[in-house]
Amino acid sequence: MSEQQTLQGQCLCGAVSLEATVQNQSVGACHCSICRKWGGGPLMALECGDDVKFDGEAHIGVFNSSDWAERGFCRECGTHLFYRLKEGGFHAIPAGLFANDQWQFDHQVFIDEKPAYYDFANTTKNMTGAEVFAQFGASQE
């Protein structure tokens with residue numbers, strides 16, 4: 001799947017459903033301390049840009065996790081729904097929300113914050129936090 005694909009997903013309880021256009025089948029892992037605190041491990045997500053539509057928005061809670069990003073979750077069951085930049089239209093949607101096992105795990109970000117107690121066997125592109133901020137033209141402060 002090298003071209004865009006529109007997928008549907010939902011939270012555990014079904015109160016929130018979503019439709020998102022994914023750019024490719026690439027799944028990435030974020031090892032930043034906030035993602036690990038949020039979910040107990042790395043966030044495994046697909047990059048979806050701004051073409052994401054939610055149904056059941058009254059059930060979505062949003063947490064401002066930094067000056068530049070926020071995280072969404074279902075208020076009913078707690079399912080993580082998205083990480084998104086406040087500017088620029090970037091959404092990272094947890095891969096597990098979609099019924100698809102054809103993803104390719106190919107990149108990891110904030111690799112410099114990954115703890116030593118786990119490793120993935122896949123060969124991936126790895127970026128430090130500084131490299132991620134540079135890619136988005138942002139500052140770490």
Side-chain angles (χ1 to χ4, degrees), residues 1-115 117-141:
M1 150 174 74
S2 60
E3 52 191 62
Q4 294 182 352
Q5 182 179 17
T6 300
L7 301 171
Q8 287 78 37
Q10 67 179 23
C11 65
L12 285 170
C13 71
V16 178
S17 59
L18 65 114
E19 181 177 281
T21 300
V22 296
Q23 304 303 314
N24 53 50
Q25 60 184 347
S26 176
V27 172
C30 180
H31 302 284
C32 79
S33 61
I34 299 172
C35 280
R36 289 185 292 110
K37 188 173 281 191
W38 190 38
L43 173 63
M44 304 291 288
L46 296 143
E47 297 177 5
C48 296
D50 64 354
D51 193 6
V52 181
K53 298 173 186 72
F54 293 96
D55 187 33
E57 290 188 45
H59 300 285
I60 297 176
V62 177
F63 174 69
N64 291 306
S65 56
S66 66
D67 291 339
W68 59 87
E70 56 195 9
R71 296 162 191 271
F73 58 94
C74 174
R75 290 182 174 156
E76 304 302 316
C77 65
T79 298
H80 299 165
L81 299 171
F82 60 81
Y83 165 90
R84 71 178 169 210
L85 296 179
K86 293 178 182 178
E87 296 180 18
F90 173 88
H91 282 78
I93 306 293
L97 294 180
F98 304 111
N100 187 333
D101 62 357
Q102 301 303 308
W103 310 125
Q104 290 182 344
F105 175 46
D106 67 0
H107 65 282
Q108 300 180 62
V109 296
F110 288 89
I111 196 70
D112 52 325
E113 293 187 30
K114 185 190 79 56
Y117 61 82
Y118 67 82
D119 284 305
F120 294 115
N122 307 61
T123 300
T124 61
K125 176 182 178 183
N126 296 332
M127 296 175 68
T128 66
E131 291 168 330
V132 172
F133 283 109
Q135 177 180 324
F136 286 99
S139 126
Q140 296 182 31
E141 300 168 4

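FYI, side chains are in, hydrogens and waters are out, and symmetry mates aren't considered; it's all heavy atoms of this structure.
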Participant: Does the side chain of His107 reach to within under 4.5 Å of the side chain of Glu47, using non-hydrogen atoms?
Facilitator: yes

Participant: Thr79 side chain to Leu12 main-chain N or O, any donor-acceptor pair under 3.5 Å?
Facilitator: yes

Participant: I'd like to know whether Lys86 forms a salt bridge (charged side-chain N to carboxylate O under 4.0 Å, His left out) with Asp67, so could you lay out the CA-CA distance, the side-chain angles of the two residues, the decisive distance to 0.1 Å, and finally the verdict.
Facilitator: CA-CA 8 Å; Lys86 293 178 182 178; Asp67 291 339; 5.8 Å; no

Participant: Are Asn122 and Asp106 side-chain neighbours, meaning at least one heavy-atom pair lies under 4.5 Å?
Facilitator: no

Participant: Could you grab the distance from atom CG of Leu7 to atom CD of Gln25, nearest 0.5 Å is fine?
Facilitator: 11.0 Å

Participant: Just verifying a value: how many Å separate Phe90 CZ and Asp50 CG, rounded to the nearest 0.5 Å?
Facilitator: 11.5 Å

Participant: I need the minimum non-hydrogen distance between Leu43 and Pro94, along with the two atoms involved.
Facilitator: CD1-CG, 4.1 Å

Participant: Walk me through it: do Lys114 and Phe120 pass the test side chain to side chain contact (heavy atoms under 4.5 Å, CB included)?
Facilitator: CA-CA 11 Å; Lys114 185 190 79 56; Phe120 294 115; 5.7 Å; no

Participant: Contact between Ile111 and Met127 at the side-chain level, heavy atoms closer than 4.5 Å - yes or no?
Facilitator: no

Participant: Is the shortest heavy-atom distance from the side chain of Val52 to the side chain of Phe82 under 4.5 Å?
Facilitator: no

Participant: What pair of heavy atoms forms the shortest contact from Leu81 to Ile93, and how long is it?
Facilitator: O-CD1, 3.5 Å

Participant: Nearest heavy-atom pair of Leu46 and Ala95: which atoms, and what distance?
Facilitator: CD1-CA, 3.9 Å

Participant: Check whether Glu70 reaches the backbone of Val62 with its side chain - one donor and one acceptor, N or O, closer than 3.5 Å.
Facilitator: no

Participant: Minimum heavy-atom separation for Met44 to Ala29, with atom names?
Facilitator: SD-CB, 3.5 Å

Participant: Would you give the length of the straight line joining atom CG of Asp119 to atom CD of Gln108, rounded to the nearest 0.5 angstrom?
Facilitator: 8.5 Å

Participant: CZ of Arg84 to OG of Ser65: how many Å apart, nearest 0.5 Å?
Facilitator: 11.0 Å

Participant: For Gly49, is there any backbone N or O sitting under 3.5 Å from a side-chain donor or acceptor partner on His91?
Facilitator: yes

Participant: Tell me the closest heavy-atom pair linking Arg75 and Ala58, and the distance in Å.
Facilitator: NH1-O, 3.5 Å

Participant: In sequence, state the C-alpha distance, the side-chain angles, and the governing distance for Phe54 and His59, and then conclude on ring pair (Phe, Tyr, Trp, His ring centres under 6.0 Å).
Facilitator: CA-CA 10 Å; Phe54 293 96; His59 300 285; over 10 Å; no

Participant: With under 30° as parallel and over 60° as perpendicular, where do the rings of His80 and Trp38 fit, or are they tilted in between?
Facilitator: parallel

Participant: Tell me, yes or no, whether the heavy-atom count around Lys125 atom NZ, taken from other residues, nucleotides or ligands under 6.0 Å, exceeds 12.
Facilitator: no

Participant: For Phe110 and Cys30, which heavy atoms make the closest approach, and how far apart are they?
Facilitator: CD1-SG, 3.8 Å

